[in-house]
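Everything on this sheet refers to the single structure shown next.
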Protein chains: 2
Amino acid sequence: MKIFGIDPGSERTGYGCVEHSGSRHHLVLCGSLAAPATATFPERLKHIHAGLAALLAECQPDCVAVETIFHARNVRSALKLGHARGVALLAAAEAGLPVVEYAPTEIKRAVVGYGRAEKPQVQQMIKLLLGMDHTPSPHDVADALAVAICHLHASTGAVAETIRYHRAPRGTARSWREFRPS
Amino acid sequence: MKIFGIDPGSERTGYGCVEHSGSRHHLVLCGSLAAPATATFPERLKHIHAGLAALLAECQPDCVAVETIFHARNVRSALKLGHARGVALLAAAEAGLPVVEYAPTEIKRAVVGYGRAEKPQVQQMIKLLLGMDHTPSPHDVADALAVAICHLHASTGAVAETIRYHRAPRGTARSWREFRPS
């Protein structure tokens, strides 16, 4: 099972593809798309869309996962985010892929075991879960991998158990660091 | 000069193409795109994008015009609107067309002569300006034609003069109805 996670943004769109085989998650690829600073807003959208379309064709995932957005700082940032998210969902629909959505708290709970985890915690946990050499950065990349892993957990159940086992007891917010994938 | 106006919406996207030749505006085509009610949100976006891409290829306009959005009822409706607007701008960028934006008040002032005109006034004025048999409806169609005409006015200057001449005096909000194109 292969999931392609997207964290859309008009400035930078993070993406990450994760495969589950056996009892492990494997990183297929990850990165971020950013249009040149001189590009107009429609050109930026074209850049995001074309980039994601090419990546989806390359990865051939079973599904695309994105974060559900209900909140934004304000109407203006919601509009900008909506534009980028629109072309991302379009790329998925054009590739004939189903799109699944998860709330930010669900994603953090699935990955870190705590729904209000901070971004560095998510980044660190993604690194551990996928056995990466370096922390996925910028955070858009980690967020894209996180939503993909969240859907793998929801679909396979296996790793969710592991996470639950290793979840930090209440009041020891830092003990998530102790978790090491077997 | 041929302008393609778009009024994007996730439920229904209005479009209208207007050509300026000689001293007159001519309606090339107009209508609205609505995905089947059973379609998922990404499928809706695909429907809007594919529809607009086909129409732009058919019309071969010089430019795409859309309303600038700064406000929305709330963050949630701004997000939904942003998605639809994103795929509309993408279709324009993919067709290699420049995109111009006008504020709602600018559009109303250009078409009706009054920046706070109501939707029925805009619809009626579009009908008169383009010599249409029927009032463009639903209002998304009229709004798409309005932004196209607004850009024609801004580019050619000619009709803006006519409008100014026929503008309703202050306090007589309904006298816009008296205007008839020569």
Side-chain angles (χ1 to χ4, degrees), chain A residues 4 6 8-11 13 33 35-36 38-54 56 61 63-101 103-104, chain B residues 4 6 8-11 13 33 35-36 38-54 56 61 63-101 103-104:
Chain A
F4 193 94
I6 308 176
S10 58
E11 301 291 318
T13 288
L33 296 164
T38 53
T40 63
F41 190 60
E43 283 167 356
R44 275 176 193 281
L45 297 174
K46 188 180 161 188
H47 186 84
I48 295 168
H49 176 261
L52 290 175
L56 290 172
C63 181
V64 167
V66 289
E67 194 176 292
T68 308
I69 310 287
F70 287 121
H71 304 289
R73 258 175 306 147
N74 52 51
V75 164
R76 194 163 180 159
S77 62
L79 269 165
K80 281 189 100 175
L81 176 57
H83 283 70
R85 201 169 181 273
V87 301
L89 296 185
L90 174 67
E94 285 175 336
L97 295 170
V99 177
V100 291
E101 300 191 18
Chain B
F4 193 94
I6 307 176
S10 58
E11 301 290 318
T13 288
L33 295 164
T38 54
T40 63
F41 190 60
E43 284 167 354
R44 275 175 194 281
L45 297 174
K46 188 179 161 189
H47 185 84
I48 296 168
H49 176 260
L52 290 176
L56 290 173
C63 182
V64 167
V66 289
E67 194 176 293
T68 307
I69 310 286
F70 287 122
H71 303 291
R73 258 174 308 148
N74 53 52
V75 164
R76 194 162 179 160
S77 62
L79 269 164
K80 282 190 99 174
L81 175 58
H83 283 71
R85 201 168 181 276
V87 300
L89 296 185
L90 174 68
E94 285 175 336
L97 295 170
V99 177
V100 290
E101 300 192 17

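Proteins come first, then strands; the chains are lettered A, B, ... in the order of their sequence lines, and each starts at number 1.
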Which atom of A:A93 lies closest to which atom of B:P42, heavy atoms considered: CB-O, 3.5 Å
Toward chain A, the part of B:V87 with a non-hydrogen atom under 4.5 Å: both
Exercise: identify the closest heavy-atom pair between B:L97 and B:P61: CD2-O, 3.2 Å
Minimal non-hydrogen separation, A:P8 against A:L81, with atom names: O-CD1, 3.4 Å
Heavy-atom pairs under 4.5 Å with chain A, option from B:L89, B:L45, B:L79, B:I48 with the top count: B:L79
Leading residue by heavy atom contact count with chain A [cutoff under 4.5 Å; candidates B:R44, B:K46, B:K80]: B:K46
Nearest heavy-atom neighbours spanning A:V64 and A:A92: CG2-CB, 3.9 Å
Closest-packed option against chain A by number of heavy-atom pairs under 4.5 Å, given B:R85, B:E94, B:E43: B:R85
